[in-house]
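Letters A, B, ... mirror the listed sequences (proteins, then strands); counts begin at 1.
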Protein chains: 2
Amino acid sequence: MTDDIVASVVRQWQTVNPGLDTGPMEIIGRINRCAALLQQAEDAPLRSAGLTRAEFDLLGAVRRTDRELTPGELARETFSSGAAVTKRLRALQDRALVERRGDDRDRRVAHVRLTDEGRALVDRLLPEQLAYERSVLAGLDQPGRDELASRLSELLVQLEGRLGGARR
Amino acid sequence: MTDDIVASVVRQWQTVNPGLDTGPMEIIGRINRCAALLQQAEDAPLRSAGLTRAEFDLLGAVRRTDRELTPGELARETFSSGAAVTKRLRALQDRALVERRGDDRDRRVAHVRLTDEGRALVDRLLPEQLAYERSVLAGLDQPGRDELASRLSELLVQLEGRLGGARR
DNA sequence: AGCAGGTATTACACCGGTAAACGATTTGAC
DNA sequence: GTCAAATCGTTTACCGGTGTAATACCTGCT
């Protein structure tokens with residue numbers, strides 16, 4: 001069992017400040033570090049298609065709900081600000097991947113849907129992306145992956161309850 | 001067992017595209033989501049001290065290594081670009097939390113150390129931060145936390161080997 | 001001296017968030 | 001019924017933070 005960066009950081013803290021309860025770092029530090037490493041590399045298949053992770057998330061949200069979404073819904077779905085969604089929509093629209101359509105009843109709201117190219121792009125990219133992710137996770141055996149997924153789900157439920165409630 | 005956001009996203013994908021192997025999402029999606037939620041809220045104690053997470057990481061790196069570090073070392077230690085470190089150092093120096101000292105031998109390199117206030121600030125903030133993080137993790141029992149930490153460590157080792165090697 | 005390699009900083013551009021602005025709709029008082 | 005005010009969804013304006021790439025500077029070797 002070799003140790004990771006977080007383990008050595010924790011060891012440094014213990015040396016310098018022996019009383020410290022560094023327990024939380026072992027989880028939160030690792031989650032942050034994993035997320036950082038993943039985001040740096042994970043997007044390789046996306047980048048080759050000229051897409052940001054955030055843009056892909058947006059396209060994916062429209063694709064998987066299989067209906068038109070409003071910018072507001074997209075903002076909630078992708079956990080980003082309305083302004084960010086607006087900008088991404090403009091960029092994606094300029095590339096003819098999404099279309100805007102004004103609501104007939106309420107002219108404040110817009111409806112966003114994928115163009116055929118947008119849909120085709122997502123359907124081509126997502127399997128590539130998942131295959132890449134699968135290769136990244138290949139170092140863990142199946143029981144380990146299940147265990148990890150289930151623990152993360154537990155944690156995520158906690159976080160959503162505690163923090164997601166305070167959101168918005 | 002209630003399910004989290006990732007579970008419902010996976011379900012949506014399965015509805016729309018039944019053949020898809022969504023396994024990787026169960027881990028990577030959750031890690032990203034946890035990291036996002038944590039970073040939004042986790043920094044509460046820091047923000048009250050007027051510090052960014054990145055700035056705190058930088059101060060922490062100097063504190064825990066217990067010696068002067070060069071900007072380059074700090075960039076590697078905090079996994080950010082040299083330019084970002086330069087700017088953060090300027091900001092922290094303006095607030096008298098760190099000091100720069102030029103090397104006598106090699107006048108390219110600088111050495112960064114904490115001022116007394118900087119050191120005091122870290123030593124005051126870190127326990128607060130850890131206490132806050134502990135409260136966030138309180139929903140998991142101790143065996144669950146250990147299990148999670150250990151699985152994350154496994155994954156992190158894999159990622160560092162696979163991706164960290166490609167870094168620089 | 002000149003050149004190759006290394007360190008830190010600066011210049012520039014992108015991306016995201018907050019807050020203000022804008023247009024549209026609903027509510028409520030008269 | 002109508003007007004004014006509050007509310008809502010979206011967009012725009014602005015700002016801060018980060019990365020890449022160009023720059024300045026230094027060292028050590030030939």
Whole-Å distance, B:D106 CG to C:dG6 P, equals 12 Å

Exercise. Describe the nucleic acid contact of B:R53 in one word from base, sugar-phosphate, nothing, applying a heavy-atom distance below 4.0 Å.
Key: nothing

Against the side chain of A:V109, the closest entry in D:dG17, C:dT9, D:dT10 is D:dT10

Give a yes/no answer on whether the side chain of A:T70 brings an N or O atom under 4.0 Å of OP1 or OP2 in D:dT10.
yes

Rounded to whole Å, CZ of A:R101 lies from C1' of D:dT10 at a distance of 16 Å

From the candidates C:dT25, D:dT10, D:dA21, the one with an atom nearest any side-chain atom of A:R108 is C:dT25

Looking for any heavy atom pair under 4.0 Å, which part of the strands does B:A110 touch: base, sugar-phosphate only, or nothing? sugar-phosphate

Phosphate OP1/OP2 of D:dC26 contacted by B:R105 side-chain N/O (<4.0 Å) = no

To the nearest angstrom, the CG-P distance between B:L89 and D:dT18 comes to 12 Å

Is there a side-chain polar atom (N or O) of B:S81 under 4.0 Å from OP1 or OP2 of D:dT20? no

Exercise for review: Please step through side chain to side chain contact (heavy atoms under 4.5 Å, CB included) for the pair A:L51 and A:R95, ending with a clear verdict.
Suggested key: CA-CA 11 Å; A:L51 283 181; A:R95 297 172 59 182; 3.6 Å; yes

The answer to which of B:P71 and B:K87 contacts DNA chain C further toward the 5' end, by nearest nucleotide, is B:P71

ask   = Considering only heavy atoms from C-beta outward, does the side chain of A:D123 approach that of A:R63 to under 4.5 Å?
value = yes

Could you tell me whether the phosphate oxygens of C:dT9, OP1 or OP2, come under 4.0 Å of any side-chain nitrogen or oxygen in B:R100? yes

Picking from C:dA8, D:dA21, D:dT11, the nucleotide nearest the side-chain atoms of A:T86 would be D:dT11

* Taking A:S81 for its side chain and A:A84 for its backbone only, find out whether a donor-acceptor pair lies under 3.5 Å. => yes

Rounded to whole Å, CG of A:L69 lies from C1' of D:dT10 at a distance of 15 Å

Polar side-chain atom of A:R151 near backbone of A:E147 as donor-acceptor pair, under 3.5 Å: no

To the nearest angstrom, the CG-P distance between A:D104 and C:dA24 comes to 15 Å

Rounded to whole Å, the CD-C1' distance (B:E55 to D:dT18) equals 13 Å

_Over all strands shown, is B:A84 touching base, sugar-phosphate only, or nothing at heavy-atom distances under 4.0 angstrom?_
sugar-phosphate

- Could you tell me whether A:D4 and A:R33 make a salt bridge, using a distance below 4.0 angstrom between a side-chain N and a carboxylate O? no

Rounded to whole Å, the CG-P distance (B:D103 to C:dA8) equals 10 Å

Considering only heavy side-chain atoms of A:S80, the closest of D:dG17, C:dG17, D:dA21 is C:dG17

- prompt: Will you find, in the side chains of A:E154 and A:Q158, an N or O donor that is under 3.5 Å from an N or O acceptor?
  reply: no

Item to complete: Look at A:R90 and D:dT12 and indicate whether a side-chain polar atom (N or O) is within less than 4.0 Å of OP1 or OP2.
Response: yes

Here the distance between atom C1' of D:dC26 and atom CZ of B:R107, to the nearest Å, is 8 Å

